Q: 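Structure below; questions to follow.
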Amino acid sequence: MTTSPSRAGTKGVPRAARERQVLAAATEEFGCHGYEATTVAAISARIGVTKPLLHHYFGSKHDLYLACLTPIGDRLLNAVRTAMTDHTTDEPAALRVLNALFKALEGQREAWFVLYDPTVPRNSDAAQRAADYRAAIDELAAIGTADLLHAAGSYDPLDADALKYAWRGLCTALVRWWVHHPDQSPQAMAQRCARLFTAGLTVLATGEEHA
């Protein structure tokens with residue numbers, strides 16, 4: 001019995017399963033090396049398929065990047081949105097968001113750097129899509145940082161804007177550290193962040209006392 005072309009994969013692997021393998025491999029390549037340095041040849045070699053097969057399934061490298069980006073962007077945006085609106089815990093919003101991000105990235109930590117990739121060609125559909133996701137996440141972050149500053153008595157919009165950028169950098173730095181420490185679970189990372197936040201607040205409070 002002949003398998004129809006729409007369902008056929010390679011080496012007995014159904015097409016849907018092969019596509020998932022391609023997306024997983026491509027996400028890791030894009031996340032680890034960036035769009036510019038990633039090649040279709042490297043992705044196909046990772047999973048033992050031909051370049052023509054990848055082009056047949058996903059089109060160009062740009063199209064393959066978009067196929068990786070969309071589920072990543074949706075997952076991270078939904079994680080942040082859910083964490084921001086979760087009022088069932090007394091945990092600070094910043095820690096809720098970090099915890100949600102770690103859980104959303106577990107098993108594919110390098111995915112963060114697919115969304116935050118400066119090498120994606122400017123003015124491309126991919127760059128615009130990534131920018132839209134980042135803007136939506138930044139908008140949520142701006143709400144959280146503004147609330148944090150208001151609680152501290154600051155209503156300066158530039159303070160809020162600066163803190164928003166600092167927050168993005170902090171998330172990126174923490175995920176990069178996490179990538180290099182694969183033994184750390186999302187829960188362990190959330191607990192570590194809670195300790196770091198507590199230590200930072202203690203240092204700041206001590207500084208104010210001696211000012």
Side-chain angles (χ1 to χ4, degrees), residues 31 34 69-120 122-123 126-181 184-211:
L69 172 67
T70 299
I72 292 167
D74 287 343
R75 188 165 75 244
L76 294 178
L77 180 57
N78 288 335
V80 174
R81 184 179 289 124
T82 300
M84 289 288 293
T85 57
D86 180 12
H87 301 295
T88 62
T89 173
D90 293 332
E91 189 177 43
L95 291 178
R96 292 202 308 269
V97 169
L98 284 172
N99 191 16
L101 287 176
F102 295 140
K103 289 179 178 178
L105 289 168
E106 178 61 351
Q108 207 173 44
R109 302 177 185 188
E110 65 284 340
W112 177 269
F113 301 102
V114 175
L115 180 57
Y116 292 90
D117 183 354
T119 72
V120 177
R122 293 184 178 182
N123 303 319
Q128 185 58 56
R129 182 84 59 84
D132 288 344
Y133 279 120
R134 292 194 299 267
I137 293 173
D138 281 350
E139 184 177 351
L140 292 171
I143 296 172
T145 53
D147 289 346
L148 181 64
L149 288 170
H150 292 168
S154 173
Y155 293 87
D156 186 336
L158 289 180
D159 282 355
D161 190 55
L163 186 55
K164 179 186 71 176
Y165 278 88
W167 174 254
R168 181 196 289 186
L170 174 64
C171 290
T172 297
L174 287 170
V175 173
R176 193 179 302 280
W177 186 90
W178 193 33
V179 167
H180 293 296
H181 294 80
Q184 297 292 298
S185 68
Q187 181 180 12
M189 283 298 295
Q191 292 170 347
R192 187 177 305 282
C193 288
R195 292 194 299 272
L196 292 174
F197 275 38
T198 299
L201 291 172
T202 301
V203 170
L204 291 174
T206 301
E208 289 180 355
E209 290 175 0
H210 289 86

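Values in this document were obtained by computation on a predicted structure and should not be read as measured data.
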Q: Side-chain contact, heavy-atom cut-off 4.5 Å: Phe113 with Val179?
A: yes
Q: For the CZ atom on Arg195, are there more than 12 heavy atoms of other groups (residues, nucleotides or ligands in this structure) within a distance under 6.0 Å?
A: yes
Q: Give me the atom names and distance for the closest heavy-atom approach of Gln184 to Arg109.
A: O-NH2, 2.7 Å
Q: For the residue pair Leu174 and Trp177, establish whether any side-chain heavy-atom pair is separated by less than 4.5 Å.
A: no
Q: For Thr119 versus Gly34, what's the shortest heavy-atom pair and its separation?
A: OG1-C, 3.7 Å
Q: Would a 4.5 Å heavy-atom cut-off, applied to side chains only, mark Thr70 and Tyr133 as touching?
A: yes
Q: Quick check: are there more than 12 heavy atoms from other residues, nucleotides or ligands sitting under 6.0 Å from CG of Asp156?
A: yes
Q: Under 3.5 Å, which donor-acceptor pairs do the side chains of residues 93-103 form with other protein atoms, sequence neighbours left out?
A:
unit_1	atom_1	unit_2	atom_2	d
Arg96	NE	Ala83	O	2.8
Arg96	NE	Asp86	O	3.0
Arg96	NH1	Glu91	O	2.8
Arg96	NH2	Ala83	O	3.3
Arg96	NH2	Asp86	O	3.4

Q: Within a strict 4.5 Å, meaning less than it, do heavy atoms of the Ile72 and Trp112 side chains meet?
A: no
Q: Taking atom CD of Glu139 as the centre, report whether more than 12 heavy atoms of other residues, nucleotides or ligands fall under 6.0 Å from it.
A: no
Q: Backbone N or O of Leu69 within a donor-acceptor pair of the Arg129 side chain at under 3.5 Å?
A: no
Q: Is it true that atom CD of Gln191 has more than 12 heavy atoms of other residues, nucleotides or ligands lying nearer than 6.0 Å?
A: yes
Q: Compare all side-chain heavy atoms of Gln108 with those of Arg75 and state whether any distance is below 4.5 angstrom.
A: yes
Q: What residue among Leu115, Leu76, Leu77 forms side chain to side chain contact (heavy atoms under 4.5 Å, CB included) with Arg134?
A: Leu115
